[in-house]
There are 2 protein chains.
Amino acid sequence: MRISQNKLAYIEEAGLMFEKLGMTRMTGRVLGYLLVCDKDAVTFDQILETLKASKGSVSNSTRQLIQIGFIEPVTFPGDRKTYYRMSDIEIDEILRNRMKLFSDFSSVLAKGRSVKERDDAVSKWLLEASVFYSWVESQIDEVIERWQQEKESIMNQHLEKKS
Amino acid sequence: MRISQNKLAYIEEAGLMFEKLGMTRMTGRVLGYLLVCDKDAVTFDQILETLKASKGSVSNSTRQLIQIGFIEPVTFPGDRKTYYRMSDIEIDEILRNRMKLFSDFSSVLAKGRSVKERDDAVSKWLLEASVFYSWVESQIDEVIERWQQEKESIMNQHLEKKS
DNA sequence: TATTTTGTTCAATACATACTGAACTTAGTA
DNA sequence: TACTAAGTTCAGTATGTATTGAACAAAATA
């Protein structure tokens with residue numbers, strides 16, 4: 001049973017997307033495959049074959065994805081293979097991680113201000129920008145909390161809109 | 001008048017930060033220099049010398065930064081040089097641009113669901129995740145609006161906290 | 001018009017890093 | 001214990017792209 005052309009195309013798309021997000025293309029492909037494979041779990045070999053990639057490359061990608069928490073290894077008694085499947089990671093986790101970039105960015109801006117030797121329009125901008133980014137970060141925390149509380153209702157609202 | 005060691009170190013830091021954000025290191029350096037140079041505007045040559053980079057590289061970086069709107073060229077009558085300075089870009093603009101990634105990400109997730117041939121836990125996750133990201137995007141729009149309205153009071157709150 | 005100054009363009013290079021493939025480790029099976 | 005299967009590691013290669021530097025363009029000056 002070979003995988004559909006559709007899905008292969010999707011896997012490539014996922015690879016490019018994850019590359020844009022700063023991960024490797026191959027890691028994106030493996031995740032894309034796990035997302036759309038329509039199997040409960042897949043073996044290392046299945047990944048190899050489907051993506052036509054090397055063992056080493058797949059080994060790196062699975063490790064990275066496990067580390068981030070996107071996927072998890074599964075094993076079965078009487079079967080020495082390791083299977084991989086999507087873990088039931090909460091989506092807001094992923095966002096929360098990415099938001100760390102904001103506080104880094106905010107710090108760099110703040111530090112810039114401290115390096116300056118005169119107080120000018122740029123100083124003012126640096127202050128404002130660093131406050132803005134750390135404020136936004138705190139607001140996003142609140143947004144995420146609201147999501148957790150109102151998830152069902154938001155989902156329903158969204159589905160209604162489509163009909 | 002040579003630039004301080006402090007500032008040079010900061011410029012490198014800015015380079016690394018902007019590299020993390022997907023721009024080139026040199027572009028980050030040029031922006032870092034413009035931020036902390038404590039001059040109203042600097043010439044192409046000053047950038048060259050300070051960063052010890054090539055004309056081509058600086059030319060690329062300034063063009064890129066002008067394009068994004070971070071810096072602007074300035075000229076003066078009787079002076080054939082072009083000067084560059086920070087433009088008074090609104091910080092929320094920058095955030096708004098980055099948020100486009102979210103709708104892209106959301107689309108990829110939604111597309112993944114449409115490629116699947118069975119309705120399982122992953123399908124459910126894909127739906128939830130794509131709704132989540134487009135919802136978050138809309139929430140951030142609201143956050144930005146609130147910033148525009150309450151900017152002064154937020155800044156004051158922040159400054160009080162520090163004291 | 002010839003010359004000098006300022007900045008751009010583009011082919012070549014340098015650099016970083018993702019990927020490969022072979023050798024190795026680990027653990028189950030005979 | 002020897003053998004086989006599954007996955008990892010790592011040195012080398014391939015690939016993409018940032019940077020350089022030389023040649024060029026544009027425009028002011030003499």
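All chains are named by letter (A, B, ...) in the order of the sequence lines, taking the proteins before the strands, and each is independently numbered beginning at 1. Values in this document were obtained by computation on a predicted structure and should not be read as measured data.
For the salt bridge (charged side-chain N to carboxylate O under 4.0 Å, His left out) condition, the pairs that include at least one residue of residues 67-76 of chain B, sequence neighbours left out, are B:Glu72-B:Arg85. A salt bridge (charged side-chain N to carboxylate O under 4.0 Å, His left out) check over residues 4-27 of chain B, counting only residues at least two apart or in different chains, returns the pairs A:Asp104-B:Lys20, A:Lys111-B:Glu13, A:Glu117-B:Lys7, B:Lys7-B:Asp38, B:Glu12-B:Arg29, B:Glu19-B:Arg25.
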Each nucleotide of nucleotides 18-30 of chain D classed B (base within 4.0 Å of a protein heavy atom), S (only sugar-phosphate) or -, in 5' to 3' order, makes SSBB------BS-
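Residues meeting the salt bridge (Lys or Arg N to Asp or Glu O under 4.0 Å) test with B:Asp40, sequence neighbours left out: A:Arg118. Applying the side-chain contact (heavy atoms from CB on, under 4.5 Å) criterion to A:Ser106, with sequence neighbours excluded, gives A:Ser130, A:Tyr133, A:Ser134. With sequence neighbours excluded, the residues forming a side-chain contact (heavy atoms from CB on, under 4.5 Å) with A:Leu48 are A:Phe44, A:Asp45, A:Lys55, A:Val58, listed by chain and number. Residues satisfying the side-chain contact (heavy atoms from CB on, under 4.5 Å) test with A:Thr82, not counting sequence neighbours, are A:Pro73, A:Thr75, A:Tyr84.
Between A:Asp45 atom CG and D:dT4 atom C1' the separation is 14 Å, expressed in whole Å.
Side-chain heavy-atom separations under 4.5 angstrom define the hydrophobic clusters, and the remaining members of the one that includes A:Tyr83 are A:Val74, A:Phe76.
The bend of the helix from C:dT1-D:dA30 to C:dA30-D:dT1, defined by the angle between the axes of its first five and last five pairs, stands at 10° to the nearest 10°.
Between chain B and DNA chain C, the heavy-atom contact criterion of under 4.0 Å yields a 5' to 3' nucleotide range of C:dT4 to C:dT9.
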Before giving the answer on side chain to side chain contact (heavy atoms under 4.5 Å, CB included), spell out for B:Leu31 and B:Thr27 the whole-Å C-alpha distance, their side-chain angles and the decisive distance to 0.1 Å.
CA-CA 6 Å; B:Leu31 182 63; B:Thr27 299; 5.8 Å; no
With a cut-off of 3.5 Å and sequence neighbours excluded, list every side-chain donor-acceptor pair involving residues 94-102 of chain B.
from	atom 1	to	atom 2	distance (Å)
B:Asn97	OD1	B:Lys100	NZ	3.3
B:Arg98	NH1	B:Leu21	O	3.3

Side-chain polar contacts of residues 141-154 of chain A - donor-acceptor pairs under 3.5 angstrom, sequence neighbours left out - could you list them?
from	atom 1	to	atom 2	distance (Å)
A:Arg146	NH2	B:Gln139	OE1	2.2
A:Gln148	NE2	A:Asp92	OD2	2.8
A:Lys151	NZ	B:Glu128	OE2	3.0

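A:Thr82 comes within contact range of the sugar-phosphate backbone alone, with a heavy-atom separation under 4.0 Å but no base atom that close.
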